[in-house]
Amino acid sequence: MTTIRLHNTLSRQKELFEPLDPSNVRMYVCGPTVYDRAHLGNARPVVVFDVLFRLLRHVYPGAVTYARNFTDVDDKINAKAAETGRPIRDITDETIGWYHADMDALGNLRPTFEPRATEYIGAMIAMIQTLIDKGHAYEVAGHVLFKVRSYPEYGRLSGRSVDDMIAGARVEVAPYKDDPMDFVLWKPSDASLPGWESPWGRGRPGWHIECSAMSFELLGASFDIHGGGIDLQFPHHENEIAQSCCALGADFARVWMHNEMLLVEGKKMSKSLGNFFTVRDLLDQGVPGEVIRYVMLMTHYRSPMDWTERKAREAEGKLLSYWRTLHRYAPGYVPDAKKASGKLLDALCDDLNTHLALVALDAEHKFAETSGQAEQLADDMALLGFMNFRGPIEPEAEWLWGPAQHLNVLSARLEAMRAEALTTKDFAPVDTLKSALLAAGVEVRMSKTGVELVPGPGFDPAKLEGL
RNA sequence: GGCGGGUUGGCGGAGAGGUUACGCAGCGGAUUGCAAAUCCGUGUAGACCGGUUCGAUUCCGGUACCCGCCUCCA
């Protein structure tokens with residue numbers, strides 16, 4: 001049995017992963033608030049936990065449940081609705097559609113469950129009522145607040161004490177709070193805002209209770225892994241723990257995993273710095289989803305990841321050389337993630353060391369080039385989620401992007417010209433055509449056995465016109 | 001101010017108390033009409049100052065710098 005080791009934020013160390021129930025391994029990851037396109041930083045946890053999902057499915061076949069929510073009730077959504085005059089449901093439906101399209105484009109599997117918060121309001125109200133009944137929450141001025149002092153373990157995940165937090169607090173405290181640390185479980189909605197009837201009047205849930213309620217409904221009071229960005233560690237995850245543990249009296253999540261943040265050219269992505277962009281922006285610029293995925297995996301998930309143009313180019317070069325190898329040496333092969341190499345699995349099982357996983361890919365690539373056997377490379381790429389980007393593996397001669405079909409014609413012509421030049425010793429016409437092809441971003445390879453033309457990075461079909 | 005993380009060769013980025021990381025770029029070679037692709041070989045590290053140790057880039061302490069969270073911008 002393969003053993004997985006994962007870094008647990010709770011213990012701050014790598015632990016042997018032992019599922020509560022090996023026949024149903026359960027993972028919850030905090031999903032997006034759906035009011036706008038996902039930016040690149042939003043994609044990092046999706047890719048990270050997609051790799052974990054794939055690894056878990058490999059080790060526990062058919063026994064993994066993965067839930068990732070959509071927060072579709074939120075003041076940012078309300079603000080957008082007020083701004084545009086559009087119904088909230090239109091906005092959230094559209095944004096969810098975008099999210100699916102963008103995350104699919106990065107090769108991510110859909111989770112088992114993708115609950116929408118608005119479909120679990122009843123569960124949230126029930127949980128809040130339980131917290132009140134147990135003395136962990138109180139109602140005041142139409143709000144229900146969680147009483148942080150009633151949960152002595154509060155701060156365990158983020159490693160802070162309640163007193164430290166109060167001392168360092170810079171936020172104005174709402175006057176109705178008993179204690180500055182208390183946070184909202186339920187808040188009142190006026191007629192202009194979305195709201196649901198509750199024992200405390202018409203209102204809407206606080207953000208944190210959503211994940212507690214949905215994870216309980218879908219995965220139970222205790223489950224194996226809870227993931228999300230490290231920015232959620234406090235207060236979101238701390239509050240989830242307080243709510244779930246106090247309401248349910250159970251362990252809640254056993255392993256907490258947090259991915260580090262994303263930088264762009266060394267700086268935090270922000271609108272004010274002008275380096276803010278969405279996944280869709282990159283895709284529209286022609287950066288392939290697989291390249292984005294590869295760049296995400298180049299850095300370990302617990303280190304900050306820097307998105308740079310240079311890395312994207314390096315990733316594209318790598319992937320192109322892998323694809324070329326697959327098409328040359330494994331045409332017709334149907335990749336099977338279940339046959340991933342031990343080296344790849346060892347890397348992933350060691351707290352998702354995706355960088356060493358890519359090193360394993362390199363080793364398989366080199367093996368394929370020297371042995372002519374590329375099946376293992378295909379299988380390894382499949383486990384990492386790279387094999388659904390370009391369809392089946394065709395013989396290399398047929399492996400061309402749609403707009404590049406007539407490279408076949410050019411390739412035949414170049415070969416004929418070269419054959420003639422080899423006898424006449426006049427290479428000028430050959431070089432002219434070759435230069436034009438290179439200028440269009442086509443890789444030109446001539447060997448004694450023939451001529452091959454392959455679209456390279458920066459391939460521009462328009463420049464082939466007239467050749 | 002409080003809490004946490006980081007600093008590795010031109011660039012990216014790992015592991016390991018002592019033995020080659022690896023990749024990209026560079027350089028040399030094979031190959032090539034010239035190239036490309038591929039293969040082979042190769043140089044360059046461990047922020048700074050101390051400590052532990054036979055031996056530290058790897059453990060401990062301090063300094064500097066960077067970053068994140070504490071503010072429902074992930």
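Every chain is numbered from 1 and lettered A, B, ... according to where its sequence line falls, protein lines coming before strand lines. Since this is a predicted model, take the numbers as computed values, not measurements.
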Verify whether one side chain among [X] and [Y] offers a donor that lies under 3.5 Å from an acceptor in the other.
X	Y	answer
A:Asp380	A:Tyr322	no
A:Tyr176	A:His143	yes
A:Asn108	A:Arg293	yes

(Q) If you apply the rule side-chain contact (heavy atoms from CB on, under 4.5 Å), what do you find for A:Phe146 with A:Asn239, and how did you get there? (A) CA-CA 9 Å; A:Phe146 186 91; A:Asn239 292 354; over 6 Å; no
Q.
I'd like to know if A:Asp431 reaches the base of B:G33 with its side chain such that a donor and an acceptor end up less than 3.5 angstrom apart.
A. yes
Q. Is any side-chain N or O of A:Lys76 under 3.5 Å from a base N or O of B:C73, one able to act as donor and the other as acceptor?
A. no
What integer number of Å spans the [atom1] atoms of [N] and [M]?
N	M	atom1	result
B:C48	B:U53	P	23 Å
B:G6	B:A25	C1'	26 Å
B:C11	B:C60	P	27 Å
B:A45	B:U52	C1'	24 Å
B:U71	B:G2	C1'	15 Å
B:G15	B:G4	P	22 Å
B:G28	B:G43	P	15 Å
B:G55	B:G41	P	35 Å

Q | Side-chain ion pair, A:Asp104 and A:Arg110, N-O less than 4.0 Å | A |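 Answer for the salt bridge query: yes.
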Q) Under 4.0 Å between a Lys/Arg side-chain N and an Asp/Glu carboxylate O for A:Arg5 and A:Asp351? A)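 No salt bridge links A:Arg5 with A:Asp351.
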Of the listed nucleotides ([options]), which one gets closest to any side-chain atom of [X]?
X	options	value
A:Thr370	B:A14, B:C39, B:C72	B:C39
A:Lys434	B:A14, B:U38, B:C34	B:C34
A:Val430	B:C70, B:U38, B:G33	B:G33
A:Arg418	B:G33, B:C73, B:U38	B:G33
A:Met261	B:C39, B:G68, B:C34	B:G68

Q. NA contact type, A:Leu263, heavy-atom cut-off 4.0 Å: base, sugar-phosphate, or nothing?
A. nothing
Q) Base, sugar-phosphate, or nothing for A:His300, non-hydrogen atoms under 4.0 angstrom? A)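 The residue A:His300 makes sugar-phosphate contact but no base contact.
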Atom [atom1] of [X] to atom [atom2] of [N]: distance rounded to whole Å?
X	N	atom1	atom2	answer
A:His208	B:C72	NE2	C1'	7 Å
A:Asn259	B:C69	CG	C1'	14 Å
A:Glu240	B:C72	CD	P	16 Å
A:Arg44	B:G68	CZ	P	14 Å
A:Glu260	B:U7	CD	P	12 Å
A:Asn239	B:C70	CG	C1'	12 Å
A:Gln233	B:C72	CD	C1'	17 Å
A:Met305	B:G6	CE	P	18 Å

Q: Find which nucleotide of RNA chain B each of A:Arg12 and A:Thr33 is nearest to by heavy atoms, and output the residue with the more 5' nucleotide.
A: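 Closer to the 5' end of RNA chain B: A:Arg12.
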Q: Using heavy atoms to find the nearest nucleotide of RNA chain B for A:Val184 and A:Ser321 separately, return the residue whose nucleotide is more 5′.
A: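 By nearest-heavy-atom nucleotide position, the 5'-most residue is A:Ser321.
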**Q.** Under 3.5 Å: donor-acceptor pair, side chain of A:Arg204, backbone of A:Pro188
**A.**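 Flag set: sc A:Arg204 to bb A:Pro188 pair under 3.5 Å.
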Q.
For the backbone of A:Leu356 and the side chain of A:Asn353, can you confirm whether one donor and one acceptor N or O come within less than 3.5 Å of each other?
A. yes
Q.
When you compare the side chain of A:Thr299 with that of A:Asp306, does any pair of heavy atoms fall below 4.5 Å?
A. no
Q | All stems with RNA chain B, defined as three or more consecutive Watson-Crick or G-U pairs under 3.5 Å | A |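 Detected stem regions: B:1-7 with B:64-70, B:10-12 with B:22-24, B:26-30 with B:38-42, B:47-51 with B:59-63.
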**Q.** Centroid-centroid distance, A:Phe277 to A:His39, less than 6.0 Å
**A.**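 Ring centroids of A:Phe277 and A:His39 are no less than 6.0 Å from each other.
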(Q) For A:Ala357, give me all partners under side chain to side chain contact (heavy atoms under 4.5 Å, CB included), at least two apart in sequence or on another chain. (A)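 For A:Ala357, the residues satisfying side chain to side chain contact (heavy atoms under 4.5 Å, CB included) (neighbours in sequence not counted) are A:Leu344, A:Ala347, A:Leu348, A:Leu384.
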(Q) I need a per-nucleotide contact map over nucleotides 20-25 of chain B, read 5' to 3'. Cutoff is protein heavy atoms under 4.0 Å; write B for the base, S for backbone only, - otherwise. (A) -BSBS-
Q: State whether A:Thr299 places a side-chain N or O below 4.0 Å from either non-bridging phosphate oxygen (OP1 or OP2) of B:G13.
A: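 A:Thr299 to B:G13 OP1/OP2: side-chain N or O found under 4.0 Å.
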(Q) Quick check on A:Arg156: does its CZ atom have over 12 non-hydrogen neighbours (other residues, nucleotides or ligands) under 6.0 Å away? (A)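 Incorrect, the count does not exceed 12.
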